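So the structure is just underneath, and the comments pick up after that.
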Amino acid sequence: MRLLVTALAPSHLLCMVPTAWAARAAGHEVLVVGRAEVARAARRAGLPAAELTQAPAAAGTGADTGTAGVPAGGPDPGLPRMERVLTEAQRQSFAGRVWPAGGHPWQVRVGRVVDAFLAVARQWRPDLILCDPIEFTGLVVGAVTGVPVVVQRWGGPDSMSAEAITRARVVLAEAAAALGAADGIPAPVLTVDPCPPSLRLDTSTEVESVRFVPYNGPQQLPSWARTKPPWPRVCVTFGLFGSKAAMSGADFIEGGDLAARFDAVVEALRPRADLDVVLTVPEAVQPLLRPAPDRFRIVAHAPLDALLATCDAVVHHGGTGTAMTACARGVPQLLLPPPHPALADCAAGLVGRGVGRALQGAAQTDHLALRSALDALLGEGESEGEGESEGEGEDADAGTSAGADTRADAGTRAGAGADHAVAGAGRSGCRGHARVLAEEIAAQPSPADLVPLLADLA
């Protein structure tokens, strides 16, 4: 089998690397195709990659970032789930964004790389395309070349990706037809979901379960991170989202200044001399931080999977990679999601499952609110108040209501997921639920178990 793998962003590719390597280990050929940053991430993972050359963006489209194009007043009206998950404050954050000139933003984004992608596909002749849920170029190329497409989700609680794919098949049908796909864009032949059943938000789509295997990129493991310290360790990270914001100089996804977020957590933890604190802070942000206690470790990079194996809690932004690495390690989480629908979705799902707490709005940079939430998360024998989103004032109320439907969905999960949820109820607090969830993740089929099914579809 020749497996062509594609992802919209490096963070999306990371969760697909174990699948790609499982295919290679089974003797299949794998090629990653994507924009420059995706190709670099693939090469760092030891995978062969073809870098796509992007056509220039049309004047006034704003499409060079790949993120512009949310209609004024809210998200794409064809994505009702995305609208529902946002709080009013988050909708206001999106309200200033406008449609780019030249069509729907997905048409613009796909149009810039589809010719280069098709050239690679026609030259390399894959038997199967594996793409992330919002790299719609893979769907178009599959339709044009007749190659079946498998979608691999990111692994976290997600109720929007299936909706986005359905919408993309409509939005991009005309572009695909112009390239030769007269019959439109077929549905993916398979959806692979590394999210454990008890954590899934979308239970209407038939999926193939696979174990979430953490891969966070190649990093050196420092000596202090190789063993668990004799006192509780807390990791504070804002993931690749934070790193990208630091590099671009942009506000942290409209959710506040990144340095201010780190400073607030440091201030919250300052009185806790009994904790070992590790902060992964982008180099560009480190000079902006207020002085921290000498006992706090501030590093630019760390191998997150190995580090979290030694941690008792993690504070982060709600990104799927960070969240699911913590879930796989059984680590309780304090979530500080910026006003971004995917992060809000993930945070609400984790809170609903009982493995973490969340702060919303102004509470995310209030050191007293952070201290209270962290003290509760680290406390032993906690049995009440778990899974509640916390905050202050209007933002807090909005943040709590944002996850209400998601948490209601979580309460109706069936099958194996429900069994795991009941098992977790016997263990008090986030820590007990996190351990049960880690056991559930470990029990899922491995990426190696998935490969024969992919080969059958090719």
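Since we're looking at a predicted model, the values are computed, not measured.
Ala434 and Pro332 get closest at one heavy-atom pair: CB-N, 4.2 Å.
Within the 3.5 Å criterion, the main-chain N or O of Leu368 finds no donor-acceptor partner in the side chain of Ser372. Here the side chain of Asp449 pairs a donor or acceptor atom with the backbone of Ser446 at under 3.5 angstrom.
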Problem set entry | Step-by-step side-chain contact (heavy atoms from CB on, under 4.5 Å) determination, Phe136 to Val171 | CA-CA 10 Å; Phe136 305 129; Val171 169; over 6 Å; no
Problem set entry | Verdict with supporting geometry, Phe262 and Ile298, side-chain contact (heavy atoms from CB on, under 4.5 Å) | CA-CA 10 Å; Phe262 278 113; Ile298 299 178; over 6 Å; no
Problem set entry | Steps toward side-chain contact (heavy atoms from CB on, under 4.5 Å) verdict (Asp158, Leu201) | CA-CA 6 Å; Asp158 160 40; Leu201 302 183; 6.0 Å; no
Exercise. For Phe212 and Thr325, what are the C-alpha separation, side-chain angles and deciding distance, and is it a side-chain contact (heavy atoms from CB on, under 4.5 Å)?
Worked result: CA-CA 8 Å; Phe212 182 88; Thr325 300; 4.1 Å; yes
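The salt bridge (Lys or Arg N to Asp or Glu O under 4.0 Å) pairs that include a residue from residues 31-49 are Arg35-Glu135, where partners are two or more places apart or lie in different chains.
Judged purely by distance below 3.5 Å, without hydrogens or angles, the side chains of Arg200 and Thr205 never pair a donor atom with an acceptor atom.
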Please report, to 0.1 Å, the donor-acceptor pairs under 3.5 Å made by any side chain of residues 308-316, with sequence neighbours excluded.
unit_1, atom_1, unit_2, atom_2, d
Thr310, OG1, Arg233, NH1, 2.7
Thr310, OG1, Leu307, O, 2.7
Asp312, OD1, Lys228, NZ, 3.1
Asp312, OD1, Arg233, N, 2.9
Asp312, OD2, Lys228, NZ, 3.3
His316, ND1, Gly318, N, 3.0
His316, NE2, Gln333, OE1, 2.7

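In this structure, the separation between CZ on Arg261 and OG1 on Thr365 is 7.5 Å, given to the nearest 0.5 Å. Summarising the geometry, atom CD1 belonging to Ile441 is positioned 11.5 Å from atom OG belonging to Ser209; distances are rounded to the nearest 0.5 Å.
Residues passing the salt bridge (charged side-chain N to carboxylate O under 4.0 Å, His left out) test with Asp132: none are found, sequence neighbours excluded.
Put simply, the side chain of Val265 does not reach to within 4.5 Å of the side chain of Val277, judged on heavy atoms. You'll find the side chain of Pro48 reaches within 4.5 Å of the side chain of Arg24, heavy atoms only.
Below 30°, between 30° and 60°, or above 60°: for His12 and Trp154 the angle between ring planes is between 30° and 60°, a tilted geometry.
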